[in-house]
Number of protein chains: 2
Amino acid sequence: MSKAATELAKTRDEFIAQWGVMGTQWGINRTMAQIHALLMTAVEPLSTDEVMAALDISRGNAHTNLKELVNWGLLRIVTKKGERREFFEAEKDVWEMFRRIMGERKRRELDPALNVLTRCKEETAGLKSAEAKAFHQQMTELEDFLSFAAKMGDRASSMPQNKVMQLAMKLLG
Amino acid sequence: MSKAATELAKTRDEFIAQWGVMGTQWGINRTMAQIHALLMTAVEPLSTDEVMAALDISRGNAHTNLKELVNWGLLRIVTKKGERREFFEAEKDVWEMFRRIMGERKRRELDPALNVLTRCKEETAGLKSAEAKAFHQQMTELEDFLSFAAKMGDRASSMPQNKVMQLAMKLLG
DNA sequence: CGGTATTTTCAGGAAATTCTGAAATAGATG
DNA sequence: CATCTATTTCAGAATTTCCTGAAAATACCG
């Protein structure tokens with residue numbers, strides 16, 4: 001391998017390793033983040049065995065996390081003709097990646113939180129004590145805020161990128 | 001305790017428990033989320049011992065997580081005159097809470113990610129192969145996107161709430 | 001000071017999460 | 001349908017994260 005190619009490989013490995021660390025801080029597991037980093041910077045789709053080899057992980061681990069990334073919409077499965085194996089390819093467009101992550105996090109985190117808040121709000125709607133009123137009010141404010149955030153997220157991710165950029169520029173202006 | 005007061009206590013406990021579960025999914029630990037929920041819905045500041053009793057947790061656990069929440073800016077320490085103990089009080093304004101969380105997450109998660117991306121970008125800036133160029137380009141796009149997001153976050157959280165609402169309404173329009 | 005109340009730290013244990021490796025299943029091919 | 005290849009599942013091991021309880025440190029008070 002040439003000097004330059006080694007250099008690139010080293011930096012890429014660093015990126016993969018660090019992205020894994022970031023992942024754990026973001027609340028997703030290290031391997032999943034590393035596979036994502038690996039495929040984001042891959043020139044072409046990789047097979048499960050190639051991922052196993054590149055990251056030195058077991059088949060079960062590679063399989064589970066590849067499928068999880070497919071569920072998140074961050075990878076897609078591609079097939080090569082004459083090949084029976086599945087290959088995995090990352091969504092590389094950053095804006096599209098962001099949309100997918102937003103949507104998935106909303107579904108997994110925001111929506112359940114909203115359910116809890118709505119329920120707690122309703123269960124205390126009729127109570128008359130000052131404590132109960134304060135609690136009910138707090139639930140209402142949290143719910144309003146989160147449902148507002150959810151709507152904004154939906155709206156932003158269903159808009160063409162350039163529209164969002166225009167609006168954002170106004171905000172930054 | 002009256003029927004209504006029991007009802008309120010039950011709902012509040014449910015809120016605290018569920019908020020704890022949400023916390024784990026959001027990547028923060030269960031106890032920290034529960035303490036936050038407890039204090040968000042407390043009528044007045046609580047001492048460490050009261051938090052321990054309310055959640056049935058050890059002193060070490062209560063202490064560590066209370067201090068961590070203070071670091072996040074989600075709780076403040078208050079003292080009562082004639083009392084030597086510290087009491088903890090939650091920031092209850094939802095918008096302010098959001099600002100604090102945004103700021104802290106940016107500092108802990110976004111900024112380190114940006115450093116990694118910048119380094120990987122710089123280390124491959126001079127390389128000529130098609131692979132290296134693609135890698136460099138991917139790093140650049142990720143960096144641009146995240147630094148843009150960071151700026152937006154900063155901007156939004158340093159604006160008065162009503163300004164943000166106005167802009168948001170336009171976006172939702 | 002000496003005594004007491006409170007906060008802080010941290011070693012070791014408990015719990016939760018993640019990973020491995022191998023067995024089971026599914027799918028293709030001749 | 002026998003065989004080969006690839007995918008999926010999952011019990012138990014490894015690792016990481018979290019919590020307890022007690023000891024150490026700190027702050028206050030007479």
Side-chain angles (χ1 to χ4, degrees), chain A residues 16-39 45-72 74-89 108-109, chain B residues 16-39 45-72 74-89 108-109:
Chain A
I16 292 170
Q18 289 299 317
W19 209 246
V21 176
M22 303 301 324
T24 63
Q25 289 167 350
W26 273 82
I28 70 166
N29 83 49
R30 187 193 314 286
T31 305
M32 188 169 144
Q34 286 180 340
I35 294 179
H36 188 221
L38 176 71
L39 283 164
L46 301 183
S47 67
T48 302
D49 288 78
E50 286 165 329
V51 171
M52 288 166 63
L55 302 178
D56 193 19
I57 58 176
S58 74
R59 181 173 306 284
N61 194 9
H63 175 80
T64 307
N65 285 296
L66 282 165
K67 285 300 156 90
E68 187 65 3
L69 283 161
V70 171
N71 285 343
W72 275 72
L74 295 172
L75 301 184
R76 50 183 161 271
I77 298 172
V78 298
T79 48
K80 298 185 183 177
K81 49 185 171 186
E83 273 281 11
R84 202 158 128 197
R85 289 176 296 166
E86 292 182 332
F87 290 79
F88 298 87
E89 178 178 57
R108 296 181 188 217
E109 295 166 0
Chain B
I16 292 169
Q18 289 298 315
W19 209 248
V21 176
M22 304 301 323
T24 62
Q25 288 167 352
W26 272 81
I28 70 165
N29 82 49
R30 187 192 315 285
T31 305
M32 189 169 145
Q34 287 181 341
I35 295 180
H36 187 220
L38 176 71
L39 283 165
L46 301 183
S47 68
T48 303
D49 288 80
E50 287 166 329
V51 171
M52 288 165 64
L55 301 179
D56 193 19
I57 57 175
S58 73
R59 181 173 306 282
N61 194 10
H63 175 80
T64 308
N65 285 295
L66 281 165
K67 286 300 158 91
E68 187 65 4
L69 282 161
V70 171
N71 285 343
W72 275 72
L74 295 172
L75 301 184
R76 49 183 161 271
I77 297 173
V78 299
T79 49
K80 299 185 183 178
K81 47 184 172 186
E83 273 280 12
R84 204 160 124 196
R85 289 175 296 165
E86 292 183 332
F87 290 79
F88 298 87
E89 178 178 56
R108 296 181 188 218
E109 296 167 359

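Protein chains get the first letters and strands the later ones, always in sequence-line order, with residue 1 at the start of each.
Computed from coordinates, the B:K80 NZ to C:dT6 P distance equals 13 Å when rounded to whole Å. In this entry the distance linking CD of B:E86 with C1' of C:dT8 reads 11 Å, nearest Å. One can place CZ of B:F88 at 11 Å from C1' of C:dT6, the figure rounded to the nearest angstrom. The separation between A:E83 atom CD and C:dT29 atom P is 12 Å, rounded to whole Å.
Screening B:L39, B:I35, B:T64 for a side chain to side chain contact (heavy atoms under 4.5 Å, CB included) involving B:L69 leaves a single residue, B:I35.
Here the CD-NE2 distance, from B:E68 to B:H63, works out to 11.0 Å after rounding to the nearest 0.5 Å. Separation of atoms OG1 (B:T31) and CG (B:N61) is listed at 4.0 Å; rounding is to 0.5 Å. Rounding to the nearest 0.5 angstrom, the gap separating the CH2 atom in A:W72 from the NE2 atom in A:H36 is 10.5 Å. Atom CZ in A:R85 sits 10.5 Å away from atom CG in A:L46 (nearest 0.5 Å). Taken from CD1 in A:I28 to CZ in A:R30, the straight-line distance is 11.0 Å, to the nearest 0.5 Å. The CD1 atom of A:I16 lies 4.5 Å from the CG atom of A:L38; values are rounded to the nearest 0.5 Å.
Taking for each of A:R84 and A:D56 the nucleotide of DNA chain C with the nearest heavy atom, the 5'-most of the two is the partner of A:D56.
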Take A:V70 and A:R76 through the test side chain to side chain contact (heavy atoms under 4.5 Å, CB included) and record every step on the way to the result.
CA-CA 6 Å; A:V70 171; A:R76 50 183 161 271; over 6 Å; no
I would like to know whether A:T48 and A:R59 meet side chain to side chain contact (heavy atoms under 4.5 Å, CB included); could you show each step before the answer?
CA-CA 7 Å; A:T48 302; A:R59 181 173 306 284; 4.2 Å; yes
Does the pair A:F88 and A:E50 meet the rule for a side chain to side chain contact (heavy atoms under 4.5 Å, CB included), with working shown?
CA-CA 10 Å; A:F88 298 87; A:E50 286 165 329; over 6 Å; no
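When DNA chain D is scanned in the 5' to 3' direction for atoms under 4.0 Å from non-hydrogen atoms of chain B, the outermost contacting nucleotides are D:dC18 to D:dC28.
Residues of residues 59-69 of chain A having a heavy atom closer than 4.0 Å to DNA chain D, listed by number: A:R59, A:G60, A:H63, A:K67. Sorted by residue number, the members of residues 19-31 of chain A with any non-hydrogen atom under 4.0 Å from DNA chain C read A:N29, A:T31.
The side-chain heavy atoms of B:M52 and B:L66, taken from C-beta on, include no pair separated by under 4.5 Å.
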